[in-house]
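Report on one structure; see the data block that follows.
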Amino acid sequence: MNFSDDIERSIEKLHISTKAETDGRILEDAYAALEGIPKESSGQRDKNIWQTLFANKIVQYTAVAALIIVGFAMFFKSLAPEPTVSMRVDSALKKAGNICISKFHADGTEPYEQVWFSQTLKVQLVRTTDNNQVRFALTDIPNKVRMLNYSSSDSVRRESVDEKVLAELEKSMVQNSGLVSFLNSSEFTEDVHWQRVIDPTAMAQVPGTKIYDITLLQEAAPGEAKYRKWRILADTVTHLPKRAEWYAKSELGREYELERYSVFSYPDEKEIELLVQNTFGPADRRPDAPGYIGTPGRN
Amino acid sequence: MLEDERLISELHSGNRDALRQIYTKYKDGLLTIAASLLHDAVAAEDVLHDVFVTFAGSAGKIKLKVNLRNYLVASVANRVRDIYRKKKHPTVGLEQAGQISCDSSNPVQTAIFGEQFRLLTDALFQLPFEQRETIILHLKGGMKFREIAKMQGISTSTVQGRYRYGLEKLRKILNGERKK
């Protein structure tokens, strides 16, 4: 077919489809824009009905009385706090069960520290790398034991842990990740809040997330200012953090520089159990430390 | 049309799904219009992004005097005009556009269609912007001549003239290409 003979039809048939990632990016930003708008009140929509009704004096007095009651109700309702970004992420983390946090330096591709928490197994495993030596530290709450293992040696060091310390550790298992203090730092004053930001590059890097920033000015040394930006990328649906980033700059007009970042994953309980087993042996061989009482539910 | 009215009404109360449905319904058509006007796939995606984010952000205030499709097509055209006014868009080939489709699973036909698409969009880009805009808004945007005239603030006869001259020129360009 000679399409120059039927140009109009050829132009009508022109078609370009958007790419899936383009759709994701545009919809994410459009949703954010939609959430930022004040919703139209039913009062605006039904203006004519209200105009008709307000012609009646009795309706006017009743409406004023109703408005006063509604006003009081709204005032008291407003005293109840709305869930903040920190509250939503905190709450999601507490329900997560198993968490793995990999910490990286800004230019690093290998994590300098990895921490696994299992709220169901009640264990915390920390893997650190120092001078090419890998060190694993396990805190096993049910077995009341702390164990250390260095890659340079086959031996495993065991030490018993005081009940009170274990109870504290169990209570603060998520807080120990450093994330909760990151979310609710004491440095945040009342007027500093997490702000939702639209950053298409970051959104493309970690899809399906909402991005929140907090910026604050710190005094690094007497008379020396440090501008800090903390960023969290939380799952759009579950609110679980997927990534956290720490930035800083020394002068107001400069760009923030990334200092370090953490990547979050939520492994299966079995994955953590297997990792602990491969490093420290099966659970029933762990409780031989001094002061060991027994494994609850096993004896 | 009634479906669009329902979606707009739901959008007024912040319904995300209504926004998603509107986007899905119009995205490809609007991207094709932007890409045909700009001859630049990357800038066309930016236009689509700006149009939908602005549309979502002002959803509570929108009182449509025309149908939704015309409103979105006009938004794309206005955004493209802004870009031309600022003259800041570098032209990237349309080969980088998302996916050029023809309703065929035959690879030979797809290749022929791709070549025809390139010839057609290259030829369109050789037209003066006003003629190109008129042709695209009428044929791809489905706008009537009087609607284009109202949007551009000119008479309907001027729009019809631009359309006619534009098509003649396009035919000459394409016939010249064919003779080569």
Side-chain angles (χ1 to χ4, degrees), chain A residues 1-49 82 195-204 207-211 235-239, chain B residues 9 11-16 18-20 23-24 27-36 41 44-45 48-49 51-61 94 97-103 112-113 116-117 119-121 123-124 135-136 138-140 142 167 170-175 177-178:
Chain A
M1 174 193 144
N2 179 6
F3 77 108
S4 69
D5 294 338
D6 195 357
I7 292 171
E8 286 162 303
R9 206 166 146 251
S10 299
I11 293 172
E12 277 170 352
K13 283 170 70 181
L14 283 177
H15 186 95
I16 306 174
S17 304
T18 56
K19 288 176 273 186
E21 59 261 36
T22 307
D23 293 340
R25 178 171 61 92
I26 294 176
L27 276 174
E28 179 71 23
D29 291 356
Y31 288 153
L34 183 67
E35 282 169 10
I37 60 161
K39 290 174 189 171
E40 186 188 31
S41 68
S42 55
Q44 276 175 299
R45 250 180 271 144
D46 303 328
K47 200 175 172 186
N48 292 335
I49 297 169
E82 284 287 310
Q195 297 285 333
R196 172 95 192 266
V197 291
I198 303 298
D199 181 341
T201 315
M203 283 169 166
T209 53
K210 284 183 180 177
I211 304 174
D235 189 282
T236 317
V237 181
T238 63
H239 304 301
Chain B
S9 165
L11 195 62
H12 279 168
S13 42
N15 187 327
R16 275 176 162 224
L19 180 62
R20 188 190 54 76
Y23 175 77
T24 308
K27 66 186 175 88
D28 288 353
L30 296 176
L31 181 70
T32 308
I33 291 170
S36 307
E45 283 193 354
L48 186 68
H49 176 274
V51 165
F52 268 96
V53 171
T54 309
F55 173 69
S58 55
K61 300 172 209 156
L94 275 175
Q99 287 167 337
I100 299 164
S101 83
C102 67
D103 301 322
I112 292 167
F113 185 87
Q116 288 183 352
F117 178 91
L119 287 173
L120 194 53
T121 50
L124 273 167
I135 290 170
I136 295 295
H138 182 62
L139 294 175
K140 276 309 301 173
L167 279 187
L170 207 52
R171 195 165 286 116
K172 279 181 193 164
I173 295 167
L174 289 167
N175 281 335
E177 283 286 336
R178 205 157 52 102

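All of these numbers come straight from a predicted model, not from anything done at the bench.
- At a 4.5 Å heavy-atom cutoff, B:Ile33 makes no contact with chain A through either its backbone or its side chain.
- Of the two parts of A:Ile11, the backbone and the side chain both hold a non-hydrogen atom closer than 4.5 Å to a non-hydrogen atom of chain B.
- B:Lys140 and B:Thr32 form no side-chain donor-acceptor contact under 3.5 Å, judged by distance and modelled atom types alone.
- At a threshold of 4.5 Å between non-hydrogen side-chain atoms, the residues B:Glu45 and A:Lys19 count as touching.
- Looking only at side-chain heavy atoms (C-beta outward), B:Leu139 and A:Ile7 stay at 4.5 Å or farther from each other.
- Of the listed residues B:Val53, B:Asn15, B:Thr24, B:Ile136, the one with more heavy-atom pairs under 4.5 angstrom with chain A than any other is B:Val53.
- Neither the backbone nor the side chain of B:Leu30 has a heavy atom closer than 4.5 Å to any heavy atom of chain A.
- Highest contact tally toward chain B, considering only A:Leu27, A:Asp29, A:Ile26, is held by A:Ile26 [criterion: heavy-atom pairs under 4.5 Å].
- By the 4.5 Å heavy-atom criterion applied to side chains, A:Ile16 and B:Thr121 are not counted as neighbours.
- Looking at B:Tyr23, only its side chain comes within 4.5 Å of chain A, counting heavy atoms on both sides.
- Within the 4.5 Å cutoff, no side-chain heavy atoms of A:Thr236 are placed close to those of A:Tyr31.
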